[in-house]
There are 2 protein chains.
Amino acid sequence: MELDDRKKKILLAIIKTYLETGEPVGSRTISKIEGLELSSATIRNEMADLVDMGYILQPHTSAGRIPSDKGYRFYVDQLMEEKEQQIEERERETDEMKGMLIEKADKMERLLKQVARSLSVNTNYAAMISAPQYHMNRLKFIQLSRMEEKRIVAVIVVEGNMIKNQIIDIDEPIDDETLLKLNMLLNTTLNGMAIEDINLSIITKMKQQAGDQAGIIAEVIDAVAESIKADEDLEIYTSGANNIFKYPELADNEKASEIITAFEEKKQLTNLVYETLSHSDEKGIQVYIGEESPVENMKDCSVVTATYELDEGIHGTIGIIGPKRMDYDKVLSTMKKLTTELDTMFKKN
Amino acid sequence: MELDDRKKKILLAIIKTYLETGEPVGSRTISKIEGLELSSATIRNEMADLVDMGYILQPHTSAGRIPSDKGYRFYVDQLMEEKEQQIEERERETDEMKGMLIEKADKMERLLKQVARSLSVNTNYAAMISAPQYHMNRLKFIQLSRMEEKRIVAVIVVEGNMIKNQIIDIDEPIDDETLLKLNMLLNTTLNGMAIEDINLSIITKMKQQAGDQAGIIAEVIDAVAESIKADEDLEIYTSGANNIFKYPELADNEKASEIITAFEEKKQLTNLVYETLSHSDEKGIQVYIGEESPVENMKDCSVVTATYELDEGIHGTIGIIGPKRMDYDKVLSTMKKLTTELDTMFKKN
DNA sequence: TGTTAGCACTCTAATGGGTCGAGTGCTAAC
DNA sequence: GTTAGCACTCGACCCATTAGAGTGCTAACA
């Protein structure tokens with residue numbers, strides 16, 4: 001069977017009505033509301049077809065219909081196409097929502113928290129944001145300083161001005177000259193290098209150049225290298241998890257517990273971020289409906305994600321988690337505006 | 001009316017039974033279980049008295065009784081006294097729960113997360129832990145390095161080896177000599193000082209000593225001072241918030257939402273930490289029952305907190321949030337063990 | 001051949017009565 | 001002061017009934 005024009009119209013009408021009311025919609029409702037001017041009986045026949053084709057579901061025999069995942073998918077794809085075509089309109093809207101953001105964020109962390117908060121407050125869904133991923137990025141600056149006699153602090157700055165610290169305990173004191181030499185060596189060798197490209201052979205080469213294979217210098221170099229390579233946990237900030245209680249279909253104990261767990265053990269969200277980043281070239285915004293979700297605990301939700309760009313090659317992810325009958329229209333707009341705003345904001349800094 | 005010995009016994013029996021079953025307990029239950037050997041009728045009379053005195057509640061006329069906040073308070077106080085007296089016994093137990101903790105934590109952050117997790121998993125309640133407060137603490141080391149021509153990175157180490165970073169943009173280049181001088185000045189002036197004691201007059205004095213009231217040096221000194229004084233958000237890690245869904249009395253939408261919100265907007269937990277720290281000299285562990293809770297959103301829970309000591313004057317807080325009918329006995333033991341273990345662990349490092 | 005009116009049918013949600021059982025409060029006797 | 005005994009209360013559960021929304025099917029219509 002084919003999804004002809006009339007079926008499409010009816011399907012969209014069903015979904016829109018359901019998004020508004022949250023209740024199964026019957027044939028009479030559609031027959032009245034539409035510009036289609038068809039009787040409820042006709043609608044019923046078409047609806048039966050749509051059920052067969054898997055776009056809508058019948059909770060039980062004598063109830064109305066609700067959209068299936070496939071139905072939502074159809075709706076969202078439709079919506080995305082429309083969005084594409086009204087870019088000029090967006091310009092205007094961007095101004096309207098300026099107030100939505102972000103007073104003055106001195107620190108990245110605070111900014112991210114604010115963004116998450118603003119997202120959840122504006123949409124009434126749960127929101128998350130990941131700190132930008134600088135993993136693929138280049139070293140910019142390394143500095144070792146002696147803090148105490150047998151203790152060095154290493155400061156490592158990465159492109160994008162993110163800073164790592166590491167305190168290194170050494171077995172015997174190190175003199176100023178050696179420290180200076182070591183600083184020079186580290187900087188000349190490593191600056192400008194991608195973290196990924198730092199490997200054992202480079203480290204060995206450094207040790208050789210330092211002329212000391214076994215002593216303190218090797219020790220320090222190893223510690224620095226380890227600290228550089230150390231996989232930082234991907235920082236993720238969340239906001240508005242409590243919003244899920246506003247939607248009865250998510251608010252029962254079991255589902256709520258699953259979602260809350262996912263939010264708390266950021267690990268699952270981390271997967272979501274990686275998944276999003278790996279697809280980020282395709283399109284700005286991605287929508288995962290129900291079973292499509294890459295996060296096991298969110299199979300009953302819809303998840304909308306987008307990437308923002310802090311700087312060449314430094315990406316982060318924002319996401320919204322809500323019920324499947326989410327106001328996709330609003331969420332997509334909000335996401336699009338927000339990412340654009342973030343992008344321009346970062347370009348300025 | 002007075003709480004005589006028999007009433008106490010009955011009250012305790014009621015509370016213990018309720019803690020086990022979670023259901024209102026009737027007079028017959030008590031009359032059977034007890035070593036008191038009283039008939040249910042007698043128990044009933046005593047129970048009526050206990051209701052009058054506010055230690056227990058009657059959900060409705062023909063139901064059993066449940067403890068009131070006042071009742072729980074009585075029970076917990078009782079329990080705390082007992083705990084005091086069995087310190088020697090604890091030695092043995094400490095071994096048993098070694099496995100509970102903590103493999104090898106390279107970073108403070110990871111350690112704290114592990115502790116929180118271990119707490120929530122072991123107790124089946126929600127858990128939180130605050131990073132140690134180093135606010136009242138002393139500066140140990142300051143280092144300015146030039147990163148780019150007009151950009152300096154400041155590294156500030158505080159007692160307890162906690163590190164702050166600050167990138168400072170300056171208007172014009174700074175030469176090596178000045179930077180060195182500045183480093184010396186900052187370290188000689190500020191090292192060993194409590195952060196609290198750094199005030200405007202000290203900063204002004206530094207500027208005078210540097211011999212430059214308006215130029216780059218003043219600029220840098222100001223930036224460093226600001227960074228030192230900047231109030232870091234108190235870091236709080238949580239775990240097992242989803243545990244609240246295991247307790248029906250907390251799992252309805254409204255209450256769950258409140259608790260989850262408190263966990264997510266760490267602000268309320270911050271209050272809890274401050275409250276606990278301000279009382280920490282009284283006693284190791286504190287129990288807040290229902291209305292006693294300093295956190296508005298947790299009026300339906302019980303909250304158990306304790307402080308740990310990382311180093312002289314550096315304290316943190318751990319907390320457990322659960323239903324009022326919490327297994328106080330177990331929670332108190334776990335807390336006590338954990339704080340001791342944390343204390344010794346930090347002493348070692 | 002597609003559309004529609006009509007009607008029997010299905011299923012849920014809501015309502016109300018009836019029963020059961022746990023537990024109380026009170027009284028009278030020990 | 002303690003206890004046995006008993007009437008009473010109240011929620012939990014079960015069941016039958018009803019109302020209403022919505023369907024699916026058939027037969028008639030354009």
Side-chain angles (χ1 to χ4, degrees), chain A residues 1-11 13-18 20-68 71 248-249 252, chain B residues 1-11 13-18 20-68 71 248-249 252:
Chain A
M1 211 175 328
E2 203 206 342
L3 197 62
D4 59 31
D5 211 54
R6 196 171 73 176
K7 281 196 171 60
K8 280 186 191 171
K9 275 186 185 154
I10 292 174
L11 177 54
I14 293 171
I15 295 176
K16 277 182 186 156
T17 314
Y18 183 73
E20 280 168 24
T21 63
E23 309 229 305
V25 340
S27 53
R28 250 182 78 83
T29 320
I30 300 299
S31 78
K32 271 191 291 185
I33 294 179
E34 264 332 271
L36 287 161
E37 310 307 343
L38 289 171
S39 75
S40 64
T42 313
I43 305 282
R44 274 205 291 285
N45 289 329
E46 295 288 45
M47 277 170 132
D49 290 349
L50 286 171
V51 170
D52 287 343
M53 297 162 78
Y55 287 101
I56 51 181
L57 300 171
Q58 222 171 348
H60 55 264
T61 325
S62 78
R65 310 301 211 284
I66 61 174
S68 68
E249 65 264 49
D252 70 291
Chain B
M1 208 173 329
E2 204 205 340
L3 196 61
D4 60 32
D5 211 52
R6 197 171 72 174
K7 282 196 172 56
K8 279 186 192 172
K9 276 185 185 158
I10 293 173
L11 178 54
I14 293 171
I15 295 176
K16 277 181 186 157
T17 315
Y18 183 72
E20 280 168 25
T21 64
E23 309 228 305
V25 339
S27 53
R28 248 182 78 81
T29 320
I30 300 299
S31 77
K32 272 191 291 186
I33 293 178
E34 263 333 88
L36 288 162
E37 311 307 341
L38 289 170
S39 76
S40 64
T42 314
I43 306 280
R44 274 206 290 286
N45 289 330
E46 295 288 45
M47 276 169 132
D49 290 350
L50 286 170
V51 169
D52 289 342
M53 298 162 80
Y55 286 101
I56 50 181
L57 301 171
Q58 222 172 350
H60 54 265
T61 325
S62 76
R65 311 301 213 282
I66 62 175
S68 67
E249 65 264 48
D252 70 291

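These numbers were taken from a predicted model, which means no experiment stands behind them. Order of the sequence lines sets the chain letters (A, B, ...), proteins ahead of strands, with each chain counted from 1.
Taking side-chain N and O atoms only, A:Gln58 has no distance below 4.0 Å to OP1 or OP2 of C:dC11. For A:Arg44 and C:dA5, the shortest distance from a side-chain N or O to OP1 or OP2 is not below 4.0 Å. Under 4.0 angstrom from either OP1 or OP2 of C:dA5 there lies no side-chain N or O belonging to A:Arg28. B:Thr42 has a side-chain polar atom (N or O) that falls below the 4.0 Å cut-off from OP1 or OP2 of D:dT3.
The base of C:dT24 lies outside donor-acceptor range of the side chain of B:Ser62, with no N or O pair under 3.5 Å. Side-chain atoms of B:Arg65 stay outside donor-acceptor range of the base of C:dG25, with no qualifying N/O pair under 3.5 Å.
Proximity of A:Glu46 to A:Asp49: side-chain heavy atoms (C-beta onward) are separated by under 4.5 Å at one or more points. No side-chain heavy atom of B:Val25 sits under 4.5 Å from any side-chain heavy atom of B:Ile15.
For A:Ala41 and B:His60, each mapped to the nucleotide of DNA chain D holding its nearest heavy atom, the one lying further toward the 5' end belongs to B:His60. If B:Gly64 and B:Asn45 are placed on DNA chain C by their nearest nucleotide, the residue sitting closer to the 5' end is B:Gly64. Of the two residues contacting DNA chain D, namely B:Glu46 and B:Thr61, the nearest-nucleotide position lying further toward the 5' end is that of B:Glu46.
Interatomic distance, CZ of B:Arg44 versus OG of B:Ser31, reported as 8.5 Å (0.5 Å rounding).
If you check C:dA28 for Watson-Crick or wobble pairing at under 3.5 angstrom, you find it paired to D:dT3.
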